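It should be emphasised that the depicted structure is a prediction, and the values quoted were computed from it without experimental measurement. Below, chain A is the first sequence line, B the second, and so on; all start at residue 1.
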Protein chains: 2
Amino acid sequence: MSTLADVAARAGVSKSTASRALNGSGYVSAETHARVTRAAQELGFVAHPGAASLATGRTQTVAVILPRADRWYFAELLDGVQEELLTGGLDLMLYNGADGSEGRARMLDHAISRRRFDGVIAVGIEPEAHEIERLLKARRPIVTIGPHSEGASSIMLDDRLTAHVATEHLIDLGHTDIAFLGGPADPQRAGFGDALRIRGYLDAMAEAGLEDAARIVPAESSVPGGYAAAGDLLGNKRTRPTGLLAVCDETAVGAMIAARRMAISIPGELSVVGIDDHQYAEMFGLTTMRQHPREQGRTAVRLLQERMQNPDAPLARRVEASALVVRNSTAPRG
Amino acid sequence: MSTLADVAARAGVSKSTASRALNGSGYVSAETHARVTRAAQELGFVAHPGAASLATGRTQTVAVILPRADRWYFAELLDGVQEELLTGGLDLMLYNGADGSEGRARMLDHAISRRRFDGVIAVGIEPEAHEIERLLKARRPIVTIGPHSEGASSIMLDDRLTAHVATEHLIDLGHTDIAFLGGPADPQRAGFGDALRIRGYLDAMAEAGLEDAARIVPAESSVPGGYAAAGDLLGNKRTRPTGLLAVCDETAVGAMIAARRMAISIPGELSVVGIDDHQYAEMFGLTTMRQHPREQGRTAVRLLQERMQNPDAPLARRVEASALVVRNSTAPRG
DNA sequence: CTGTTAGCGCTTTCAA
DNA sequence: TTGAAAGCGCTAACAG
């Protein structure tokens with residue numbers, strides 16, 4: 001509850017000197033600095049953020065836009081962002097709402113108009129939604145995680161390569177009938193990342209001369225989603241593939257559970273590869289492409305901070321690689 | 001970028017009148033009100049939150065303290081909170097960090113000292129951590145979700161009754177050898193909710209004269225946690241229980257997967273009950289006690305708003321009931 | 001290196 | 001019902 005004036009009085013200096021000493025900006029003698037810091041400490045002084053923001057235009061807050069928190073990937077990301085923000089003394093204002101949901105647009109408007117943040121980390125924003133353009137109008141630096149957008153720094157998994165490598169892994173094991181499990185029923189509406197994963201899968205199939213065998217089975221990115229989709233796909237023994245690349249580990253796990261229910265042995269009769277290296281992958285023995293959302297979150301904060309300090313800093317565009325983690329869900333074609 | 005002064009000028013009134021018109025406080029003629037609102041609209045005016053907060057002391061922000069975002073329960077809760085906050089035009093400042101984690105205390109101090117929020121929603125705070133006391137010092141209303149604390153409103157599941165009912169369900173089916181799966185290895189360190197669930201389980205067992213058969217098998221509240229713990233528990237056919245109450249659905253699902261791997265039929269040889277009605281419960285046919293974290297989140301916001309508007313409003317203490325949802329994971333003892 | 005002086009944009013008495 | 005004026009607590013020129 002004490003104000004800068006109190007601190008200044010106690011230290012026997014003016015408010016401006018106190019301010020300078022506390023912010024480390026401008027010249028202050030070592031002795032004065034010490035006196036002021038001590039006074040502040042003794043009074044338990046903490047600057048009123050509203051007042052500071054009014055005076056400087058800065059808020060020490062980062063907005064995080066997230067489609068949802070209930071998937072492993074996003075939750076991990078969020079944790080990483082939070083950790084890194086904390087070390088910088090920045091606050092995290094969360095705006096979570098599904099793409100295209102009713103509240104989402106309203107949320108974004110609300111967020112932007114109140115401009116309560118110095119920077120934005122936007123996760124999984126679809127370029128065609130033009131959300132980035134609206135954010136850019138707020139003239140705050142932006143880092144996207146997922147699809148890259150003009151005017152923003154970005155971090156993304158090399159989705160295409162990831163799916164390519166995963167598919168090749170199956171091909172190398174001798175599989176020729178490999179299905180891709182994931183994406184919406186209407187492939188046109190596939191999210192950016194999903195579309196790239198499908199692309200990588202198709203490329204790899206084509207390179208191996210298997211383009212005719214390629215098939216894409218829509219599935220939600222969740223365990224029940226993978227379970228349901230795999231149920232249909234694996235039901236008929238005649239048409240069942242021997243290899244499966246899932247859009248993410250959750251979907252892959254769902255498929256594995258479905259397979260087990262149908263008494264299809266993994267990896268004996270069916271090899272499954274996921275993408276993520278989800279917390280559950282280990283227990284299911286799932287072969288997968290590992291990515292590090294937590295690290296991505298931390299990196300996003302660092303990139304953002306650079307541009308918050310220097311708005312003219314160049315935009316960064318990071319593409320992350322993933323590594324194949326082989327467990328027991330894949331084996332040579334029987 | 002336009003300020004209240006701009007709006008006032010455009011509407012041909014003073015700043016104070018404009019402010020009154022926009023905030024709906026005080027007397028303003030209908031005609032003036034209309035003119036001001038129009039002017040504000042045309043200019044796309046939005047009050048600078050920092051300035052408003054400096055003048056009023058209020059921030060239109062609610063802090064949410066969460067142990068983690070990667071579990072279904074917390075993620076759902078968060079979504080509910082966000083939705084409801086949005087309808088009230090409030091912003092959500094997130095502080096997530098595991099109980100007792102290194103950053104957690106720092107986070108809380110940071111949050112409190114900056115007092116950037118008008119109220120707090122604290123999820124799963126353990127009473128003995130004294131975090132609530134520290135929050136109360138910030139003199140902001142608090143709603144806890146989970147353990148109740150003096151001085152705060154609270155919403156909690158009736159954990160004890162829930163576990164009691166779930167256990168009774170198994171007893172009614174004729175089971176006598178029923179284990180509880182969950183809680184830490186050292187029962188003293190069980191979280192508040194977990195401890196109550198264990199209590200409810202023990203009570204029900206005792207009431208049925210089964211106290212000697214009661215046993216508690218520690219397990220993490222996660223699928224892999226349930227899987228690992230069930231592996232040990234179910235391994236020996238001699239000592240294997242016929243009924244299992246898991247601390248949450250994730251643990252229950254893990255146990256079901258473990259059972260299936262060991263070719264233990266559910267519900268033929270083993271009945272399993274969970275708590276939550278998790279997104280996955282349906283697909284696993286899991287019998288469970290349903291709770292509604294999303295609704296709990298919304299309710300928390302409403303309770304908080306009441307006390308934000310009127311600090312003298314009485315503290316609320318809501319205890320929510322859960323309902324038994326019977327699926328296919330439970331059956332009469334074979 | 002330090003103090004004085006103006007605000008930042010809004011709300012809120014108080015008088016009119 | 002409206003306006004003038006005084007801050008809220010901080011920062012940032014500008015002098016000194």
Nucleotide [N], atom [atom2] - distance to [atom1] of [X] in whole Å:
X: Arg116(A); N: dC10(C); atom1: CZ; atom2: P; value: 14 Å
X: Arg20(B); N: dT13(C); atom1: CZ; atom2: P; value: 11 Å
X: Lys15(A); N: dG7(C); atom1: NZ; atom2: P; value: 14 Å
X: Leu22(B); N: dT12(C); atom1: CG; atom2: C1'; value: 15 Å
X: Tyr27(B); N: dC14(C); atom1: OH; atom2: P; value: 16 Å
X: Arg58(B); N: dG9(C); atom1: CZ; atom2: P; value: 21 Å
X: Asp6(B); N: dC8(C); atom1: CG; atom2: P; value: 11 Å
X: Arg115(A); N: dG9(C); atom1: CZ; atom2: C1'; value: 10 Å

Notebook entry, point to check: Has Thr56(A) got a side-chain N or O lying under 4.0 Å from the OP1 or OP2 atom of dC8(C)?
Noted result: no
Check: Reckon Ser14(B) has a side-chain N or O less than 4.0 Å from the OP1 or OP2 of dG3(D)?
Finding: yes
Checklist line | Salt-bridge criterion met for Glu42(A) and Arg38(A) (N-O under 4.0 Å) | finding: yes
Check: Do other residues, nucleotides or ligands put more than 12 heavy atoms under 6.0 Å from the CZ atom of Arg106(B)?
Finding: yes
Note to self: Within a 6.0 Å radius of atom CZ on Arg318(A), are there more than 12 heavy atoms belonging to other residues, nucleotides or ligands?
What the structure shows: no
Next item on the list: Indicate whether any N or O donor in one side chain lies under 3.5 Å from an N or O acceptor in the other, for Glu76(A) and Gln279(A).
Entry: no
Check: Just checking, any donor-acceptor pair under 3.5 angstrom between side chains of Asp91(B) and Thr61(B)?
Finding: no
Choose from [options] the nucleotide whose nearest atom is closest to any side-chain atom of [X].
X: Leu54(B); options: dG9(D), dA4(D), dT2(C); value: dG9(D)
X: Ala55(B); options: dT11(D), dC8(D), dT2(C); value: dC8(D)
X: Ser19(A); options: dG9(D), dT11(C), dT11(D); value: dT11(D)
X: Thr17(A); options: dT2(D), dT11(C), dG3(C); value: dG3(C)
X: Val28(A); options: dT2(C), dC10(C), dT11(D); value: dT2(C)
X: Ala52(A); options: dG9(C), dC10(D), dG3(D); value: dC10(D)

Margin query: On the side chain of Ser16(A), is there an atom forming a donor-acceptor pair with the base of dT4(C) - under 3.5 Å, no angle test?
Written below: yes
Notebook entry, point to check: Which is true for Thr32(A) with a 4.0 Å heavy-atom rule: it touches a base, it touches only sugar-phosphate, or it touches nothing?
Noted result: sugar-phosphate
